[in-house]
Amino acid sequence: MIEGASNTPRYAQAAKRLGLDPIVLSANPTQDGYLAGEELKAITVDTDNYDEVVSECSRLRATYEISGITSARESAYATVGKLCRHFDLPGPNPESIAQCCDKFIQRRLLAEAGVPIPAYILAANAMEIESAATKIGMPVVVKPAVGIGSVGVRLCRSLAEVAEHTTYLLDEEQRRSSPMILVEEFAQGPQYCAETMGNELVWIGSGDFGPLPHFVYYKWSYPALLTDDKHKRIADVSLSCLSALGLGWGPTNIELRWTKRGPVVIEVNPRLAGSPTPQLVELAYGIDLITEHIKLVIGDECDMRKRQSHFAAARFLIADCDGTLDWIDGGSQAAAIHGVAEVKVYVKPKTQIARKGDYRDCIGHIIASSPTNAQTDAILQRAVDSIEWCITPLPIAGD
């Protein structure tokens with residue numbers, strides 16, 4: 001596995017169940033704690049240096065039979081594709097992955113194929129961004145052309161807000177690379193997410209965001225409650241994304257909104273959705289997406305047949321202010337509620353909380369499942385009500 005991500009421990013567990021010995025190559029194996037507690041063999045290697053990764057894989061191959069190469073991290077997935085080609089192993093098309101990870105190129109390819117997307121303009125400086133926002137019309141979504149987890153994504157309702165966010169983005173982007181910014185039409189309507197494996201649609205879920213102007217996920221529910229017509233239209237649009245982007249091997253995660261003109265594609269992620277989506281799919285349908293993905297990686301056939309029909313949902317615990325987390329309690333009570341499948345807290349007491357308006361604002365999640373949607377929601381709400389925390393706000397300058 002190349003680099004770690006939130007799903008890395010589950011990939012490692014699934015690999016072991018299949019009789020495999022997982023090894024992780026990472027530039028920083030201790031980063032984020034993804035590899036802790038799994039007794040994983042981790043090797044430090046500069047994963048941005050393709051030749052160095054090839055050299056390390058070749059060294060490992062002198063001792064082990066490499067059955068497959070993969071990653072749960074999007075930024076490493078194009079490298080995975082290249083490595084699979086180099087070592088003649090099953091894997092994704094690296095060129096397709098690379099162009100899909102650039103939101104501008106992705107948008108252009110989808111538009112050329114007739115896939116419904118928001119109006120968009122690529123901009124490189126403050127003047128171009130303001131001009132793009134004026135041309136598209138308020139409100140607009142302004143975000144980096146490359147990135148994940150809603151990092152740097154914001155809804156702007158006025159040119160003043162566009163200018164404010166532009167200053168922030170250009171400063172952040174210049175620290176990393178050339179500042180390329182996407183200005184997009186705000187597609188308004190319910191949020192949905194489709195997961196595919198190969199060219200097969202696995203499920204469609206529904207999502208809810210916290211308060212605007214940010215896009216921090218608040219809840220996911222599976223399956224989405226859709227009419228047959230809406231389900232078919234979302235499914236058709238989702239599958240059309242695969243051919244438009246040259247995908248169709250392994251997992252793909254597609255985010256959409258149902259607007260006045262029907263389903264509009266917000267983003268295509270050329271990899272499996274992060275935690276807790278795989279857990280939700282397994283609870284709802286009995287399909288272990290991670291295990292089935294690994295089967296593809298090692299050249300076996302995957303089995304996407306649904307084994308049950310339940311409802312599953314996750315609620316994210318989101319920090320309500322900046323400051324120091326003094327305590328968080330109630331996890332054991334929430335976990336003891338019948339129907340609660342998982343309670344996970346990401347942070348420990350005395351952690352400094354600094355909200356960013358993206359996935360990093362989540363401090364935990366709760367997953368519940370039952371035979372009905374209403375029952376699942378009731379279980380989830382009861383569990384959420386059991387969790388309490390206290391954050392001491394940061395002192396205001398001058399106090």
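Values reported hereafter were calculated over all heavy atoms of this structure, with side chains retained and with hydrogens, waters and symmetry mates removed.
- Applying the side chain to side chain donor-acceptor pair (under 3.5 Å) criterion to Glu282, with sequence neighbours excluded, gives no partner residue.
- Among residues two or more places apart in sequence or in another chain, the ring pair (Phe, Tyr, Trp, His ring centres under 6.0 Å) test is passed with Trp203 by Tyr222.
- Under the side chain to side chain donor-acceptor pair (under 3.5 Å) criterion, Tyr217 pairs with Gln191, Glu255, sequence neighbours left out.
- Side-chain N or O atoms of Ser96 include none that pairs as donor or acceptor with a backbone N or O of Pro92 at under 3.5 Å.
- Looking at Ser370 and Thr376, their side chains do bring a donor and an acceptor atom within 3.5 Å of each other.
- Pro393 and Cys321 make their closest contact through CG-SG, 4.4 Å (heavy atoms, listed as atom of the first residue, atom of the second, distance).
- When atom types are taken as modelled, the side chain of Ser150 and the backbone of Phe215 share a donor-acceptor pair closer than 3.5 angstrom.
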Contacts table for residues 121-133: side-chain donor-acceptor under 3.5 angstrom, sequence neighbours left out:
| residue | atom | partner | partner atom | Å |
| --- | --- | --- | --- | --- |
| Asn125 | OD1 | Met127 | N | 3.2 |
| Asn125 | OD1 | Glu128 | N | 2.8 |
| Glu128 | OE1 | Ala124 | N | 2.8 |

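- The two atoms that bring Leu289 and Pro278 nearest to each other are CD1-CA, 4.5 Å, heavy atoms only.
- In this structure, the separation between CD1 on Ile379 and CD1 on Ile366 is 12.0 Å, given to the nearest 0.5 Å.
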Practice prompt. Let me see the working for Asp377 and Gln381 under side-chain hydrogen bond (donor to acceptor under 3.5 Å, both in side chains), right down to the final yes or no.
Written response: CA-CA 6 Å; Asp377 278 348; Gln381 188 58 56; over 6 Å; no

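- When the side chain to side chain contact (heavy atoms under 4.5 Å, CB included) test is applied to Lys306, the partners found at least two apart in sequence or on another chain are Tyr285, Ile287.
- Looking only at atom types and distance, the side chain of Ser71 has no donor-acceptor partner in the side chain of Glu3 under 3.5 Å away.
- Arg233 places no side-chain N or O within 3.5 Å of a backbone atom of His231 that could act as its donor or acceptor partner.
- Residues Thr351 and Val347 approach most closely at OG1-CB, 4.1 Å, considering heavy atoms.
- Partners of Lys230 by side chain to side chain donor-acceptor pair (under 3.5 Å), not counting sequence neighbours: none found.
- Sorted by first then second residue, the ring-ring contact (aromatic ring centres under 6.0 Å, His included) pairs that include residues 70-99, not counting sequence neighbours, number zero.
- With hydrogens and angles ignored, the 3.5 Å screen pairs a side-chain donor or acceptor of Asp361 with a backbone N or O of Gly357.
- Tyr192 and Arg257 share no side-chain donor-acceptor pair at under 3.5 Å.
- No donor-acceptor pair under 3.5 Å is formed between the side chain of Thr196 and the backbone N or O of Asn199.
- Although no hydrogens or angles enter the test, the distance criterion places a donor-acceptor pair under 3.5 Å between the side chain of Asn7 and the main chain of Ala273.
- The ring-ring contact (aromatic ring centres under 6.0 Å, His included) analysis of residues 326-349, with sequence neighbours excluded, yields the pairs Tyr346-His365.
- Taking both residues in full, the closest heavy atoms of Pro263 and Pro116 are given as O-CG, 3.1 Å, listed atom of the first, atom of the second, then distance.
- Annotation for Ile97 and Ala78: closest pair CG2-N, 3.6 Å, computed over non-hydrogen atoms.
- By the 4.0 Å N-to-carboxylate-O rule, Arg355 lies close enough to Asp322 to be salt-bridged with it.
- A donor-acceptor pair under 3.5 Å is absent between the side-chain atoms of His165 and the main chain of Lys143, judged by distance alone.
- A cation-pi arrangement is absent between Lys219 and Phe316 under the rule of less than 6.0 angstrom and at most 45 degrees off the ring axis.
- For His310, there are no ring pair (Phe, Tyr, Trp, His ring centres under 6.0 Å) partners, not counting sequence neighbours.
- Between Gly205 and Ala224, the shortest heavy-atom distance links the atoms C-CB, 3.7 Å.
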Exercise answer: donor-acceptor pairs, residues 247-254 side-chain atoms, under 3.5 Å, sequence neighbours excluded:
| residue | atom | partner | partner atom | Å |
| --- | --- | --- | --- | --- |
| Asn253 | OD1 | Asn269 | ND2 | 2.8 |
| Asn253 | ND2 | Glu195 | OE1 | 3.2 |

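- Taking Ala119 as the reference, Glu185 meet the side chain to side chain contact (heavy atoms under 4.5 Å, CB included) condition, with sequence neighbours excluded.
- Not a single side chain to side chain donor-acceptor pair (under 3.5 Å) links Glu161 to another residue, sequence neighbours left out.
- Residues Ile387 and Leu317 form a side-chain contact, since some pair of their non-hydrogen atoms from C-beta on lies under 4.5 Å apart.
- Under a 3.5 Å cut-off, the side chain of Ser55 and the backbone N or O of Asp51 do not form any donor-acceptor pair.
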